[in-house]
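Everything quoted here is computed from the prediction, not taken from an experiment. Note on naming: letters A, B, ... go to the chains in the order of the sequence lines (proteins, then strands), and numbering restarts at 1 for each one.
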Amino acid sequence: MGNKTIVTGVIGADVHAVGNRIIEYAFTQAGFNVVNIGVLASQEEFIQAAIETGAVAILVSSLYGHGEIDCRGLREKCQEAGIGDIILYAGGNLVVGKQEWEPVKEKFLKMGFNRVYPPGTSPDEAIADLKRDLNIED
Amino acid sequence: MGNKTIVTGVIGADVHAVGNRIIEYAFTQAGFNVVNIGVLASQEEFIQAAIETGAVAILVSSLYGHGEIDCRGLREKCQEAGIGDIILYAGGNLVVGKQEWEPVKEKFLKMGFNRVYPPGTSPDEAIADLKRDLNIED
Amino acid sequence: MDLVNKKWSVDKLMSIRKEVLATWHTGKDVEDIEEGIKYQKSLPKNKIFAAKLLEAKEKGITLVQPRAGVALVNEHIALLQYLQNEGGADLLPSTIDSYTRQNRYEEAQKGIEESIKSGRSLLNGFPAVNHGLENCRRVVESVNVPVQVRHGTPDARLLAEITLAAGFTDYEGGGISYNIPYAKNVSLEKTIYDWQYVDRLIGFYYENGVIINREPFGPLTGTLVPPCISHAVAIVEAILAAEQGVHYLTLGYGQCGNLIQDVAALQTLQELSEEYLQKFGYENRHITTVFHQWMGGFPQDEAKAFGVISWGAATATLGKATKVIVKTPHEAMGIPTKEANAQGLKATKQLVNMLKDQTIPLSKELEEEKEIIKKETRAILDAIFKIGEGDFAKGIVRGFEAGIIDIPFAPSRYNAGRILPARDNNGAIRLLDAGDLPFDKEILEYHKKKIQERGDAEGREPSFQMVIDDIYAIGKGMLVGRPN
Amino acid sequence: MDLVNKKWSVDKLMSIRKEVLATWHTGKDVEDIEEGIKYQKSLPKNKIFAAKLLEAKEKGITLVQPRAGVALVNEHIALLQYLQNEGGADLLPSTIDSYTRQNRYEEAQKGIEESIKSGRSLLNGFPAVNHGLENCRRVVESVNVPVQVRHGTPDARLLAEITLAAGFTDYEGGGISYNIPYAKNVSLEKTIYDWQYVDRLIGFYYENGVIINREPFGPLTGTLVPPCISHAVAIVEAILAAEQGVHYLTLGYGQCGNLIQDVAALQTLQELSEEYLQKFGYENRHITTVFHQWMGGFPQDEAKAFGVISWGAATATLGKATKVIVKTPHEAMGIPTKEANAQGLKATKQLVNMLKDQTIPLSKELEEEKEIIKKETRAILDAIFKIGEGDFAKGIVRGFEAGIIDIPFAPSRYNAGRILPARDNNGAIRLLDAGDLPFDKEILEYHKKKIQERGDAEGREPSFQMVIDDIYAIGKGMLVGRPN
């Protein structure tokens, strides 16, 4: 049984706390050690928390539509900070207004995220994916 | 105290009975002898009822917007039937759709109606007018 | 004719049937009644109105149904598909045009031809008789939910023959509810007799394994109708239908606007109808209810109209109506566009979904309201039974003559028109003048007290002015017409 | 700072006042507080918020109020006039932009300049501080109804100084309700202290004959907030305000969606707040209530949005809220056009008028709901009082630390975030996990039973999945998130 510490938070100038609480609760219930840095979190705060706690994954939420701008460069900053291989997930209302999902997903994968989730995804799905990515058995 | 018999009805292919019942009740309460020929009434039915009962006034209602067509020629028909001097009132939604009231009123006065009432008029107003036109004291 | 509430023989049905089918040329396509029965039996369960209604009743949910009909078949199908797919209608109608309602098929034909020429519907509904069997079947086959015939036809026999053979599984109307509020000079004997035909036809289908649901028209004149009046008419029509072999009935009620009275009315409609059908020996009958959103005048403004529609949707759901008939934000302007029709459905559906887990709990006030509606309705029904010497068909004809059943503001000269309804201080509909309704002193005192309470609150003596004010109130967005 | 719930001296107010007015240049225009008082006294009665609210409360009617604010003065005035004349708003707001809420007046200034250049509002509200005294007076003078400041500002002292001197007669917010749901790192001591200033300022106006109404922000995070939580916060803020001399208060509650719970919440909010103000010696206080239409996610579809708006309007009216804050059919899309804003008002007004003569009668269920809300709220308030050693200011700070008051889904790190709300089988909000709320066994058992009922109905064990389902349910038009 490996390291199950993960960092989660809502990036940028976003104060939407509901989904953030759901993620914290669901991942904790699933056996993860969740470091929740809450809303209004900067890229630097995510990385610092991951380094301090030795986390294996960062889960970024964005609900207010500016996720693309807020997430850009996160993988590169992780590399500079020496945690270039950390697992990065993103999910929520990542772009302004209604858009096709596939191009949005492609954009975030290219930005270096390992997985990307559309609005309305159940935390269960991300939990199952993370367990798979970390080779954790149920 | 003179003759207080009046004929009322809804002219044309109109089945709106609510206002018709209100008029019958209100004029009866006010001491008139109301001959109500109901909905779906033709010009001929109005005139025949007036002759048969020796009525002093005919009150024509129209709620479905075709009042102008339905009422045209009523005064002339009354003259032909020998009751050319009978008092004629008209009221209701007399024309299709929203229109300025004054031109509508002028049109009906020119057609030989003694008084014309817009939608939403209280029966009290017509009762007071009719008493005045018939020189009836309260 | 000697009108009695007695089940027709199949011979009588079949003998009159020949005359009925001969009244328009499309009648000959349905001559073989077995073929219609066979077609009905081939329908999948999702097209069977009664099945969907009973499932909803069991689940405690409320289904939504629009009104809709246009002149041409393809356009009518497109309209229904839109209301199903975009509006989310659980049940669909085919609203029939006015010419067909008057059996004026020649004029309906002209309407069809002119609609083809002009490229828009010149009829205010779907002329099912003229289109005939195969076209009607195309309508049924083009959607995934049950379809009902909604009309207003005093003599609806040929229409029933064609639409039932075509796979419509619900039929609105009745000998009272499609006469007194819709006609002036047609006798009740005639319309009740003609509706015995329709009910017997549905009974015949039932005996051959086909379930057609029947729905008496609940709201009547739609203007200040006290629940006891519409309940009495609905239950008499249910009894007349049940006698002819109808087993599945949806009884209707039009929103009055006071929540407690509306919920009490929906609950008592279910309870009383079951009680009376059982009492008179009609076993194994299945009753569901339909709530009609506000049938009175509507605001011109669409936002305000949405408010009225939504309140009807909420009341239907809280009162656990099996289905709700939906108005549209264009109600004040006439026939709605398909978009406006779907909007009414969507607003309604939103509330039906949001409120499906809630009811109005029993309170002293709700109990009192239910009790008074039951007392009044029983008084009327029992008096009708008595005056008919034990026959509801004779009783309802004599009852209207005597004014012991009396529909406010009805155009028919077969209606006494002596009762006067007005709202009480909470907006519930009471009687300012009970006319010749067979009410005991206690009931009459109750109404008097309720109207007096309002008079006291308004500082005026109860009078006909209140009735006038209540009718005018609606145009001002109010329920109770208060003096200024 | 040593935070205590004790009325500030005028000297303390005036000494801090100098610093506050110096934080932006428009502060100097209101230095002469007597001039502001004189201006307030010159206002006609129809501009006085408290007077209009108390009149409505006495008549038993519900007033309607929109949210609205744009960057420039003339455009803001045109917007308010439109909502007054076309929408029929009884009360008007000036919703303040996000920069002003963060006291970032430089950025608000840029927003104003760019809005002038681009010809459209680039701010999401009205930057009242930047526009200053005279411009704010132009707003008040351009309409015929009272105007309230609505915002979300943790440090709202300068905003209060300018808008009150300018004739706004109602002020929303509070040291708890504008902190915990809106901020992450701002301490409660700081915001409560800053709001003591605002309340003391209003107290000073009162001592000089001017009535300013105060409205704590009721809905908090707007997501599954149990009534006891928002009631406890509202009553603590009312006590803190009353201590500083505030005499007129409107306490708020955000629609949960279950009619009985919402009506019980509105009634108990009035009853409990009067009880606690009296108990702690605040005499001659006047409490009215505000009901917020659905604060959760809205349907994208406008017809469905009208359904949600209308249900909020109906609930507010049946629950006898003094006023209702109105949503718009554009809610899901962001800031509404003025037309959409007026549409929300019109739909709401239609129902407020139609239902004004009705209430929800007392039933066993309503009584039970009221009792449980009262028990829970008293338990929280009494524990706060105790942990504060008899001081509500100290108590609320320590209470949040200890989790004996805990707001679900709040972003602030000063909030424990240990409770988990979920809907019961009828859609009422209960607690799946009561965290450290100071509830006795009886209350805890009640919640457990209610959640278990739902679990039984859904055939699953109560779990966090229910919370998730309830939050997702709203997007599907449902209130209770059922498993498929």
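- With chain C as the partner, the residue from D:E302, D:Q350, D:E367 showing the most heavy-atom pairs under 4.5 Å is D:Q350.
- Annotation: side chain of D:Q465 is in contact with side chain of D:I468 (closest heavy-atom distance under 4.5 Å).
- Ranked by heavy-atom pairs shorter than 4.5 Å toward chain D, the options C:D301, C:L362, C:V480 are led by C:D301.
- By a heavy-atom distance cut of under 4.5 Å, C:L351, C:N353, C:M354, C:L355, C:K356, C:D357, C:Q358 are the residues of residues 351-359 of chain C near chain D, going up by number.
- Listed by sequence position, D:L318 are the residues of residues 317-327 of chain D in contact with chain C, using a 4.5 angstrom heavy-atom cutoff.
- Salt bridge present: C:D90 and C:K349 bring a charged side-chain N and a carboxylate O closer than 4.0 Å.
- One side chain, D:Y253 or D:D262, offers a donor N or O that lies under 3.5 Å from an acceptor on the other.
- Heavy atoms closer than 4.5 Å to chain D are found in the side chain of C:I360, but not in its backbone.
- The part of D:P299 that comes within reach of chain C is its side chain, from C-beta onward, which places non-hydrogen atoms under 4.5 angstrom from that chain.
- Counting only heavy atoms from C-beta outward, the side chains of D:M466 and D:R454 approach each other to under 4.5 Å.
- No hydrogens or angles considered: a donor-acceptor pair under 3.5 Å links the side chains of D:E376 and D:H447.
- Only the side chain of D:R482 comes within less than 4.5 Å of a heavy atom in chain C; its backbone stays farther off.
- Residue contact with chain C, scored on non-hydrogen atoms closer than 4.5 Å, involves the backbone of D:N425 exclusively.
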Q: Go through C:E86 and C:K346 one step at a time and tell me if the salt bridge (Lys or Arg N to Asp or Glu O under 4.0 Å) criterion holds.
A: CA-CA 9 Å; C:E86 175 65 20; C:K346 285 192 275 188; 2.9 Å; yes
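- Between D:E371 and D:Y446, the side chains place no donor N or O within less than 3.5 Å of an acceptor N or O (distance only, hydrogens not considered).
- Between D:K450 and D:E369 no salt bridge is recorded (no basic side-chain N to carboxylate O distance below 4.0 Å).
- Other residues, nucleotides and ligands contribute more than 12 heavy atoms inside 6.0 Å of the CD atom of C:E339.
- For the residue pair C:T348 and C:Q293, a side-chain donor N or O sits within less than 3.5 Å of a side-chain acceptor on the partner.
- Between the C:Q267 side chain and the C:K370 main chain, no donor and acceptor come within less than 3.5 Å of each other.
- Here the side chains of D:L431 and D:P226 are in contact, with some heavy-atom distance below 4.5 Å.
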